[in-house]
Amino acid sequence: MIDQKESPMGPSRPYLIRALNDWILDNGGTPHLLIDATINDVMVPEQYVADGQIILNINPSAVQNLMLGNQAIEFNAKFGGVSVNVYVPVLAVVA
């Protein structure tokens, strides 16, 4: 196994998230993310967190301004009719 510190390549997790999101959408599905809400810097509506986790629907019809970045996932969505800015470090994505 290649040590990430010695490899010039960055982590694959953000690329896999983007690829799976595209694949699910291309096949008519609804992409969701399971988030570990206990990770530092996770910004999600706390009232929807259960057992330290939250499931987020990231379908384009459910979110606005979705950015699947290398460091974090960001978007705006409505929870209970209230608009919320969501910020999730990529490391907080469980599935």
Side-chain angles (χ1 to χ4, degrees):
M1 179 170 221
I2 297 174
D3 182 2
Q4 282 291 333
K5 292 178 184 176
E6 293 178 20
S7 172
M9 297 175 70
S12 61
R13 183 182 292 229
Y15 294 91
L16 293 172
I17 292 169
R18 286 191 291 270
L20 284 170
N21 180 64
D22 289 345
W23 177 74
I24 291 167
L25 289 172
D26 288 350
N27 285 281
T30 301
H32 290 81
L33 297 172
L34 176 61
I35 304 301
D36 180 348
T38 66
I39 300 292
N40 287 341
D41 298 327
V42 169
M43 293 174 23
V44 296
E46 290 295 321
Q47 64 269 34
Y48 296 98
V49 173
D51 297 322
Q53 297 182 328
I54 186 170
I55 296 173
L56 301 171
N57 174 350
I58 60 167
N59 193 301
S61 65
V63 301
Q64 294 180 353
N65 303 318
L66 177 64
M67 293 190 320
L68 299 172
N70 288 342
Q71 301 301 316
I73 297 165
E74 300 178 65
F75 59 89
N76 185 278
K78 290 192 176 183
F79 292 84
V82 177
S83 184
V84 176
N85 291 319
V86 174
Y87 180 88
V88 176
V90 168
L91 291 176
V93 177
V94 175

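Below, all heavy atoms of this structure are taken into account, side chains as well, without hydrogens, waters or symmetry copies. Keep in mind that what you see is a predicted model, and the values were worked out from it rather than measured.
Separation of atoms CG (Leu66) and CD1 (Ile73) is listed at 7.5 Å; rounding is to 0.5 Å. With values rounded to the nearest 0.5 angstrom, Ile54 atom CD1 is found 11.5 Å from His32 atom NE2. Atom CG of Asp36 sits about 11.5 Å away from atom CG of Asp51, to the nearest 0.5 Å. Atom CE of Met43 sits about 6.5 Å away from atom CG of Asn85, to the nearest 0.5 Å.
Residues near Leu91 contribute nothing to a hydrophobic cluster around it, because no ILVMFWY side-chain heavy atom sits closer than 4.5 Å to its side chain. Counting side-chain heavy-atom gaps under 4.5 Å among Ile, Leu, Val, Met, Phe, Trp and Tyr, the cluster of Leu34 also holds Ile55, Val94.
Clustering ILVMFWY residues whenever any of their side-chain heavy atoms sit less than 4.5 angstrom apart, transitively, puts Trp23 in a cluster other than the one holding Ile17. Note: the hydrophobic cluster containing Ile39 does not contain Leu16 (ILVMFWY, side chain heavy atoms under 4.5 Å, direct or indirect links). Hydrophobic clustering (side-chain heavy atoms under 4.5 Å, transitive across Ile, Leu, Val, Met, Phe, Trp, Tyr) groups Val84 together with Val49.
Counting non-hydrogen atoms of neighbouring residues, nucleotides and ligands closer than 6.0 angstrom, the OH atom of Tyr15 reaches no more than 12 such neighbours. Other residues, nucleotides and ligands contribute over 12 non-hydrogen atoms within 6.0 Å of the CG atom of Asn27.
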For this session: Would you please test Asn76 and Asn65 for side chain to side chain donor-acceptor pair (under 3.5 Å) and show each step?
Result: CA-CA 6 Å; Asn76 185 278; Asn65 303 318; over 6 Å; no

Problem set entry | Audit row: Asn21, Ile58, side-chain contact (heavy atoms from CB on, under 4.5 Å) steps and yes/no | CA-CA 8 Å; Asn21 180 64; Ile58 60 167; 3.4 Å; yes

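Side chain of Arg13 to main chain of Asn70: no donor-acceptor pair is present (N/O by atom type, distance under 3.5 Å, no hydrogens or angles).
Between Val88 and Val44 there is a side-chain heavy-atom pair separated by less than 4.5 Å. Using a 4.5 Å heavy-atom threshold, the side chains of Phe79 and Val86 count as touching.
In terms of heavy-atom proximity, Gly29 sits nearest to Leu25 at O-CD2, 4.0 Å. Of all heavy-atom pairs spanning Gly69 and Pro14, the tightest one is O-CB, 3.6 Å. Closest non-hydrogen pair, Val63 versus Phe75, comes out as CG1-CD1, 3.4 Å. The minimum heavy-atom distance linking Tyr87 with Asp41 is given by the pair CD2-O, 3.2 Å. Pro31 and Ile24 make their closest contact through N-CG2, 3.6 Å (heavy atoms, listed as atom of the first residue, atom of the second, distance). For Asn57 against Asn59, the heavy-atom pair with the smallest separation is OD1-N, 2.8 Å.
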